[in-house]
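In this text, all values refer to a predicted model and were calculated from it rather than measured experimentally.
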Amino acid sequence: MTLDQQLQPAGPGAAGSERWDAYYGRLFGWSVRWQGPGLFLVLENGLCAVTLPKLTATPVLQRLAATGGPGPALTLPTQHGARAAVLAETDGLVPPRGTLPKDVDLLDCGALLPLPIGAASPGLPVEWLTAPDPRQRWLPSLGAVLAALRPRR
């Protein structure tokens, strides 16, 4: 059993809620907030997410992994189909929205991302594409994620 499996709460509920706060909040240093039955990651303090269609996320995650760290990535359901959200550090770089590919969006300061809370996330079918690793808690830079969007030629 890995460290993250040992620390991960068994499921939602009153006692489980506090454990999920600790798992995401204290273990990874992320700001989290309960809203209704779901737990959300608050994007602040240099934390951001690059979202793209889930169907195009695999090569991006592979390019990030080839550079030494894919970082955590989530699958998010939307009205227009599933999207992948790759967590990153802004590293002082927040490009203008018009410079991003048309199917890519940047979520930054103040945005909320739903987080998986066990096997059943009530009303929020969110899951990890690449789960966070307690042994490697750093995130890729926004620059690295944006570079991974475009294959090398």
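- Once rounded to the nearest 0.5 Å, the distance linking CH2 of W30 with CG of L113 reads 10.0 Å.
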After noting the C-alpha distance and the side-chain angles of T75 and V126, does the key distance pass the side-chain contact (heavy atoms from CB on, under 4.5 Å) rule? CA-CA 6 Å; T75 298; V126 177; over 6 Å; no
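- Here the CG atom belonging to L47 is positioned 10.0 Å from the SG atom belonging to C109, to the nearest 0.5 angstrom.
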For side-chain contact (heavy atoms from CB on, under 4.5 Å), just list the numbers for I117 and W34, CA-CA rounded to whole Å, side-chain angles, deciding distance to a tenth of an Å, and then say yes or no. CA-CA 11 Å; I117 51 173; W34 285 97; 3.8 Å; yes
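- Residue G71 comes nearest to P140 through the heavy atom pair CA-CD, 3.6 Å, listed as atom of the first residue, atom of the second, then distance.
- For the pair P72 and L139, the tightest heavy-atom approach, listed with the atom from each and the gap, is CD-CD2, 3.3 Å.
- Separating the CG atom in L149 from the CG atom in L100 is a distance of 8.0 Å, to the nearest 0.5 Å.
- The CZ atom of F40 sits 5.5 Å away from atom CD of Q35, with the distance rounded to the nearest 0.5 Å.
- At a threshold of 4.5 Å between non-hydrogen side-chain atoms, the residues L74 and E127 do not count as touching.
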Check the pair E89, L142 against side-chain contact (heavy atoms from CB on, under 4.5 Å), reporting the backbone distance first and the verdict last. CA-CA 6 Å; E89 289 187 25; L142 177 56; over 6 Å; no
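- Here the shortest heavy-atom pairing between R150 and T99 reads NH2-O, 3.7 Å.
- Note that CG of L61 and OG1 of T130 are 4.5 Å apart. Values are rounded to the nearest 0.5 Å.
- Using modelled atom types and a 3.5 Å distance limit, the side chains of S31 and E44 yield a donor-acceptor pair.
- Between R83 and T78, the side chains place no donor N or O within less than 3.5 Å of an acceptor N or O (distance only, hydrogens not considered).
- Ring geometry, W128 versus Y24: the interplanar angle falls from 30° to 60°, so the pair is classed tilted.
- One finds the CG atom of L43 at 8.0 Å from the CG atom of D108 (value rounded to the nearest 0.5 Å).
- Nearest heavy atoms, A144 versus L64: O-CD2, 3.8 Å.
- When every heavy atom of P132 is checked against every heavy atom of Y23, the shortest pair comes out as O-OH, 4.4 Å.
- Screening V86, L52, L106, V104 for a side chain to side chain contact (heavy atoms under 4.5 Å, CB included) with V145, the sole residue that qualifies is V86.
- Minimum heavy-atom separation, A84 to L129: CB-CD1, 3.6 Å.
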